[in-house]
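Along the sequence shown, residues are numbered consecutively beginning with 1. All values reported here derive from a predicted model rather than from experimental measurement.
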Amino acid sequence: MNKIVIIWALACLPCCETKAQTKIYHDSIMIQTREWSRDSERKIQYSDWRSYASHTVQMLNDLKPISIAKVDKYGGDVTESLVATGFFRTEKSGGRWMVIDPEGHPFVVAAINGLRQGKSPNNEKAFNQKYPATNDWIAASKKQFDELGFNCAGSWSDVEAIILYNKTAAKPLPYTTQLSLLAGYSQSAIKLSPQRKNASVLSFILDTAFVTYCDNKCRELFAGKSDPNLLGHFSDNEIAFLQTEFKKIIETGDKTDRGYLAAMQWMQRKNVTIATITKEQKEEFIGYMAGIYYKTVSEAIKKYDPNHLYIGSRLHSSAKNNKYMFSACEPYIDIISINYYGYWQPRQKDMDDWSSWSSKPFFITEFYTKGQDSGMGNISGAGWLVKTQKDRGIHYQNFCLQLLKAKNCVGWHWFRYQDNDPADTTSDPSNSDSNKGLVNTTYNLYSDLADQMKMLNQNKYSLVKYFNSLK
């Protein structure tokens, strides 16, 4: 039975990836997991337990792992120096894209999403028992991040608390912002025009008021434009840049809807009809709409903050497989951000596609697994379910090793800092009862997970050099 499982699990990997891995790894480990999905009625379900071949740093041929990396105050690699501008930037050197930190050192983004205090009564009680004040918590979290090799606070983090901490910190915590421009505008527009509540969110991109909204919102960025600790700005999260959104646009009951009119005019220019339009043409139309969005938001962001990176809108689902999306954002984005679910590890085909579709680098801005040993329900969220915290850590290593091989990848963001608390009545349905965190609901570290993460993170710069040396 064991032999059958192993043979099946190896078959889960594309043959080209399996062959490539056998050249650089001297061993592998089988991790049992269940995949989260929804059935035809949108009800949440898990697959049966399956085994997937995974790899860790210690399994690489001819690499001696280190325990502590030599890094600057931002977490950049001090063994290599490039031009320092005082801000984070991107550069392509020797065929590989890199983020360069304010001191001019290569910086692989290893971020944690949602570095913020939990809102449930349990969270608040645990926080007050553990930390005298918010600044003490940020300081402790920064120390924890340094020990584990994480170097950035990702989306949904407590930006105000981080900025306040950074003002007096010898070693600041780099961070990102989430501007939620289209999300914020569409919500405000619906309040003014309730009849638009069922309109596609893409229709709001075409409002002249959206341009004004972005300008007014981004005007606030002027105050932080000189902050060297800011990595960059996300403009939104998981916009419905999906070809399936075309149907929603076309089937609207409002024939004066801007999205509907744009679709009809676009089809006329392309000499296609609703009956004859293909899936690829729908994707092309979505790319067209996305191009308008990226132009609008990037111009507003760069107008008031020309110093920091614009790091996209966190593509998800089929948007990350639409070549027209990548050409749409190409002129405007510094780093393409992608939330990646549904695969045990990044597929080589996907990363090759992203490289061929765009000359810009990417990073993964959401991925995670959930541990059965946490005792949580683990129903919400799209991450895979594994048996133990150590298995979560092995998945992390295996996933990030694949990313480090890709010369157009500049890092990743783990989702997220803290477990969902089922007692948190303010959470959205996707964040209600699952073991997603680096820490649990009472701010205690999952040490078995953290140990595995640390091994990968502390070696990330050595791994870049290692993979660069391979032919």
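Ion pairing of Lys370 with Asp433 is absent here, as no side-chain N (NZ or NE/NH1/NH2) approaches a carboxylate O to less than 4.0 Å. Look at Asp305 and Arg219 and you find no salt bridge, because none of the NZ, NE, NH1 or NH2 atoms lies under 4.0 Å from a carboxylate O. The existence of a salt bridge linking Glu299 and Lys295 is confirmed by a sub-4.0 Å separation between a basic side-chain nitrogen and an acidic carboxylate oxygen. Taking the charged nitrogens against the carboxylate oxygens, Asp215 and Lys303 do have a contact shorter than 4.0 Å, which makes a salt bridge. Checked for salt-bridge contact, Lys270 and Glu284 meet the test: a charged N lies under 4.0 Å from a carboxylate O. A salt bridge between Lys302 and Asp334 is present, with a side-chain N of the basic residue lying under 4.0 Å from a carboxylate O of the acidic one.
Neither side chain, Lys279 nor Gln243, offers a donor N or O lying under 3.5 Å from an acceptor on the other. Between Glu330 and Ser359, the side chains place a donor N or O and an acceptor N or O closer than 3.5 Å (distance only, hydrogens not considered).
Taking the ring centre of Phe204 as origin, the terminal cationic atom of Arg196 falls inside the region bounded by 6.0 Å and 45° from the ring axis. For the pair Lys436 and Trp414, the cation-pi test (distance below 6.0 Å, angle within 45°) is failed.
With Phe107 as reference, Val99 is the one residue of Val410, Val99, Thr90, Ile100 to meet the side chain to side chain contact (heavy atoms under 4.5 Å, CB included) rule.
Contact record, Leu315 with Met325: CD2-CE, 3.6 Å, taken as the closest heavy-atom pair. Closest approach of Arg347 to Tyr340, counting heavy atoms only: N-OH, 3.0 Å. Minimum heavy-atom separation, Ser434 to Ile379: OG-N, 3.6 Å.
Between Tyr332 and Tyr310, the ring centre distance reaches or exceeds 6.0 Å. Taking the six-membered ring where the residue is Trp, the centroids of Phe415 and Tyr368 are separated by under 6.0 Å. Checked against the 6.0 Å centroid criterion, the rings of Trp384 and Trp36 do not qualify as a close aromatic pair. Ring centroid separation for the pair Phe363 and His413 comes in under the 6.0 Å cut-off.
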Could you walk me through whether Glu147 and Lys454 pass salt bridge (Lys or Arg N to Asp or Glu O under 4.0 Å), step by step? CA-CA 7 Å; Glu147 290 172 351; Lys454 179 178 180 178; over 6 Å; no

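With hydrogens and angles ignored, the 3.5 Å screen pairs a side-chain donor or acceptor of Asp101 with a backbone N or O of Gly104.
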